Amino acid sequence: MLKPGITGHQEMTVDTDNTARAMGSGELDVFATPAMIALAEKTAWMSVSNELADGEGTVGTLVNIAHVAATPVGKTIRCESELTEVDGRRLIFQIEVFDEAGKIGEGRHERFVVNNDRFTEKANNR
């Protein structure tokens, strides 16, 4: 059952594939903001996936995350999510992201519960 308080966490290592230079979001070899957003989304959806009915999933609809510190290649990134609000199919998560030196990002992420087949069919018919 989806209810506030569900938490999740994911870890990854900064490598040359998830730097700003590699992802096209900048020219430096530091952890990219798009990589942080992808990690936040993964952490959130995975945290609630076991609570969904068969055939259901979630889709991200809004991300508001501040990237407040740079992380070099080779460091470990840890993302933590907490489901803070459930409003029907709408889910709100608080996100915090850390490297070995401290917090590097924080914000909110919104997802909606969908029927996977209907959602895919609707997308394919666009």
Side-chain angles (χ1 to χ4, degrees):
M1 173 168 199
L2 290 172
K3 60 184 179 184
I6 295 173
T7 61
H9 77 278
Q10 294 289 316
E11 289 188 359
M12 66 184 300
T13 301
V14 180
D15 61 30
T16 56
D17 292 334
N18 55 31
T19 63
R21 180 187 310 273
M23 298 190 82
S25 65
E27 57 188 301
L28 300 176
D29 289 320
V30 295
F31 190 54
T33 302
M36 179 185 290
I37 292 169
L39 181 61
E41 290 206 67
K42 178 181 181 182
T43 304
W45 78 256
M46 288 188 73
S47 74
V48 297
S49 64
N50 289 335
E51 303 296 326
L52 301 174
D54 287 343
E56 286 185 334
T58 63
V59 294
T61 56
L62 180 66
V63 178
N64 184 2
I65 295 177
H67 193 166
V68 299
T71 305
V73 172
K75 299 294 183 178
T76 300
I77 303 291
R78 182 180 82 254
C79 182
E80 299 176 357
S81 68
E82 180 180 358
L83 180 60
T84 58
E85 184 180 337
V86 178
D87 181 14
R89 297 181 309 114
R90 181 174 168 259
L91 310 176
I92 302 292
F93 296 85
Q94 182 64 35
I95 303 292
E96 292 184 302
V97 187
F98 304 87
D99 66 14
E100 298 158 20
K103 186 180 284 188
I104 65 165
E106 64 184 336
R108 289 174 37 116
H109 175 44
E110 176 183 273
R111 300 187 72 77
F112 274 81
V113 177
V114 298
N115 175 285
N116 291 333
D117 290 339
R118 283 196 305 258
F119 187 88
T120 301
E121 182 180 341
K122 185 176 178 181
N124 289 337
N125 287 329
R126 284 187 51 83

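Remember, predicted model here, so these are calculated numbers, not experimental data.
With hydrogens and angles ignored, the 3.5 Å screen pairs a side-chain donor or acceptor of Ser47 with a backbone N or O of Ala44. The main-chain N or O of Asp15 is found under 3.5 Å from a side-chain atom of Asn18 such that the two form a donor-acceptor pair.
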### Query
Stepwise, does the side chain to side chain contact (heavy atoms under 4.5 Å, CB included) test hold for Met12 with Phe31?
CA-CA 11 Å; Met12 66 184 300; Phe31 190 54; 3.9 Å; yes

### Task
Could you give me the CA-CA distance, side-chain angles and deciding distance for Glu80 and Phe98, then say whether side chain to side chain contact (heavy atoms under 4.5 Å, CB included) is met?
CA-CA 8 Å; Glu80 299 176 357; Phe98 304 87; 3.8 Å; yes

### Task
Verify side chain to side chain contact (heavy atoms under 4.5 Å, CB included) between Glu96 and Glu82, making sure each step is shown before the conclusion.
CA-CA 9 Å; Glu96 292 184 302; Glu82 180 180 358; over 6 Å; no

### Query
Going through the checks in order, is the side chain to side chain contact (heavy atoms under 4.5 Å, CB included) test met by Ile77 and Val14?
CA-CA 7 Å; Ile77 303 291; Val14 180; 3.6 Å; yes

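Distance CH2/Trp45 to CZ/Arg111: 8.5 Å, rounded to 0.5 Å. Between the CG atom in Leu91 and the NE2 atom in His109 there is a gap of 9.0 Å [rounded to 0.5 Å]. For the atom pair CD of Glu41 and CG of Leu39, the computed distance is 10.5 Å after rounding to the nearest 0.5 Å. Distance check: Glu100 CD to Thr76 OG1 gives 4.5 Å after rounding to the nearest 0.5 Å. Atom OG1 of residue Thr84 and atom CD1 of residue Ile92 lie 6.5 Å apart, to the nearest 0.5 angstrom. Going from atom OG1 of Thr43 over to atom CE of Met36 covers 11.0 Å, rounded to the nearest 0.5 Å.
Of the options Val113, Leu2, Leu83, a side-chain contact (heavy atoms from CB on, under 4.5 Å) to Glu51 is made by Leu2 and by none of the others. Partner of Cys79 under the side-chain contact (heavy atoms from CB on, under 4.5 Å) criterion, chosen from Ile104, Val97, Ile65: Val97.
Of all non-hydrogen atoms in Met46 and Ser49, the two that sit nearest each other are O-OG, 3.2 Å.
Val86 and Val48 fall within the same hydrophobic cluster, where Ile, Leu, Val, Met, Phe, Trp and Tyr residues are linked whenever their side-chain heavy atoms come under 4.5 Å apart, directly or through other members. By the rule that hydrophobic residues join a cluster once side-chain heavy atoms approach within less than 4.5 Å of another member, Val63 and Phe112 end up as members of separate clusters.
By the 6.0 Å contact criterion, CG on Asp54 is open, its count of non-hydrogen atoms from other residues, nucleotides or ligands being 12 or less.
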